[in-house]
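Both backbone and side-chain heavy atoms feed into the values below; hydrogens, waters and symmetry mates do not.
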Amino acid sequence: MSLEKILAWVPDGSAAAALARQVDYLRLPGHVAVIMDGNGRWAAQRRLPRIEGHRAGIDAVRDAVEVCARLGVEVLTLYAFSVENWKRPRSEVRLLMELLKRYLRLELDTLMRNDIRLHVIGRAGELAPDVREELAAGCSRTAGNGGMRFNIALNYSGRAEIVEAARRALAAGMAPRDLDEARFSGLLYTAGQPDPDLLIRTSGEMRVSNFLLWQIAYAEIWVTDTLWPDFRARHLLEAIVAYQKRDRRYGGLKPEPAAVGQ
């Protein structure tokens, strides 16, 4: 069924269609997380303002959401705006927020059609009122959907998330002996969601950039030199195929093959 949904959306005979036929739909990653990087470089290569790279990146967001939903991925998390991004020029930040609001308005029908639930992780309360209002409207309208959960990480910091979780534990009066990994996970922004199985980073950078530091402990990391505005369905499917070829051991040893005759 998932293959049929993908083939109905990608062009016949395309690289994406060929990759879709290689996917094992019984071994999909439950949670895919993406560090979207390279918008500025994409614009610089074309001698365009940085904001044009961010604007072009919206098409990549659209492809990632559509493909993951059609595949049957349970959770998709996109790193949209970090706490550190406030250091960028004020004009760039303002335009980024305008693009976010525009995306939410234009794509809400697509989210509803694909049964996708929108969720925000990060310090959303520190965003401007108009941005919070747009996010709240999107989350509210999609709250009853039962398909893929789409997390947008906004004003997000992995370290800050861990500190906030520790503060919640203290505020709840948890004794140190009662606090284990499962309880701590329940205090994070992603409480109740599976940890990422696959972390994708675009633009060739080899770092995790303070993203989901607790949750990606055993995630498989896939890096592509492709800049985010050029990232399309075929790249995501390529990442899925590569992920499925890996031997995930979670720190353990691969079992020895049984001796012949045993």
Which atom of P194 lies closest to which atom of V75, heavy atoms considered: CD-CG2, 3.9 Å
Nonpolar side-chain network containing M174, other nodes, edges under 4.5 Å: I35, Y79, I121, Y156, I162, L179, F184, L187, L188, Y189, L199, M206, V208, F211, L212, L213, W214, I216, I221, V223
Salt bridge (Lys or Arg N to Asp or Glu O under 4.0 Å) between D178 and R183, worked out: CA-CA 8 Å; D178 296 328; R183 287 188 177 90; 5.8 Å; no
Derivation and outcome, salt bridge (Lys or Arg N to Asp or Glu O under 4.0 Å), residues R46 and E52: CA-CA 10 Å; R46 291 159 178 78; E52 293 306 318; over 6 Å; no
Backbone N/O of P29 and side chain of D197: donor-acceptor pair under 3.5 Å: no
Exercise: identify the closest heavy-atom pair between G57 and W228: O-NE1, 3.1 Å
Within residues 25-60 or reaching into it, pairs that qualify as ring pair (Phe, Tyr, Trp, His ring centres under 6.0 Å) - sequence neighbours excluded: none
Spacing of N85 atom CG and S157 atom OG [to the nearest 0.5 Å]: 11.0 Å
Working for side chain to side chain contact (heavy atoms under 4.5 Å, CB included), residues D109 and R141: CA-CA 10 Å; D109 287 342; R141 186 173 170 190; 3.1 Å; yes
Crowding at CD, E205 (>12 non-hydrogen neighbours, <6.0 Å): yes
Contact check, side chains of M112 and T142, non-hydrogen atoms, under 4.5 Å: yes
Closest contact, heavy atoms only, R132 versus G125: NH1-O, 3.4 Å
Spacing of NE2 belonging to H235 relative to CG belonging to L19, to within rounding of 0.5 Å: 10.0 Å
Worked check of side chain to side chain contact (heavy atoms under 4.5 Å, CB included) between F150 and E107: CA-CA 12 Å; F150 174 27; E107 297 300 315; over 6 Å; no
Pairwise side-chain contact, L227 with Q45, heavy-atom cut-off 4.5 Å (strictly under): yes
Donor-acceptor pair, side chain of N39 and main chain of A56, under 3.5 angstrom: no
Any Q22 side-chain heavy atom under 4.5 Å of I240 side chain: no
Heavy-atom side-chain contact between L3 and V23 under 4.5 Å: no
Where A80 and I152 come nearest, the two heavy atoms and their spacing: CB-CG2, 3.7 Å
Linked, directly or transitively: L95 and W86 (ILVMFWY side chains, under 4.5 Å): yes
Over 12 non-hydrogen atoms of neighbours within 6.0 angstrom of CZ in R47: no
Transitive ILVMFWY side-chain link V93 to I58, under 4.5 Å: yes
Min side-chain heavy-atom separation L154-L100 under 4.5 Å: yes
Closest heavy-atom pair and its distance - R88, E92: NH1-OE2, 3.4 Å
Side chains of R62 and T110, donor plus acceptor under 3.5 Å: no
Non-hydrogen side-chain atoms of T202 and T226 separated by less than 4.5 Å: no
I200 vs F231, side chain to side chain contact (heavy atoms under 4.5 Å, CB included): CA-CA, chis, key distance, verdict: CA-CA 11 Å; I200 297 171; F231 192 88; 4.2 Å; yes
Inter-residue atom distance D130.CG - M97.CE, 0.5 Å rounding: 9.5 Å
Donor-acceptor pair between N155 and E126 side chains, under 3.5 angstrom: yes
Linked, directly or transitively: L108 and L78 (ILVMFWY side chains, under 4.5 Å): yes
Crowding at CZ, R102 (>12 non-hydrogen neighbours, <6.0 Å): no
Min side-chain heavy-atom separation L111-V65 under 4.5 Å: yes
More than 12 heavy atoms of other groups within 6.0 Å of R232 CZ: yes
Over 12 foreign heavy atoms within 6.0 Å of CZ, R168: yes
Euclidean distance, I6 CD1 relative to L71 CG, rounded to 0.5 Å: 4.0 Å
Beyond-backbone contact of T190 with T77, side-chain heavy atoms, under 4.5 angstrom: no
Distance in Å, R55 CZ paired with L48 CG, rounded so as to fall on 0.5 Å steps: 10.5 Å
Shortest non-hydrogen separation from N210 to R159 and the atoms involved: OD1-N, 2.9 Å
Joint hydrophobic cluster, V32 plus W9, side-chain heavy atoms closer than 4.5 Å: yes
Modelled atom types, side-chain donor and acceptor of Q193 and Q215, under 3.5 Å: no
Approximate separation, where rounding is to 0.5 Å, of D230 CG and D63 CG: 11.5 Å
Stepwise salt bridge (Lys or Arg N to Asp or Glu O under 4.0 Å) check, D24 with K245: CA-CA 10 Å; D24 181 347; K245 292 178 180 178; over 6 Å; no
Full working for side chain to side chain contact (heavy atoms under 4.5 Å, CB included) between R201 and R207: CA-CA 8 Å; R201 173 135 199 173; R207 55 181 181 270; 3.4 Å; yes
Salt bridge (Lys or Arg N to Asp or Glu O under 4.0 Å) between R94 and E98, worked out: CA-CA 6 Å; R94 184 177 64 252; E98 288 300 321; over 6 Å; no
Exercise: do E84 and S82 side chains pair donor with acceptor under 3.5 Å: yes
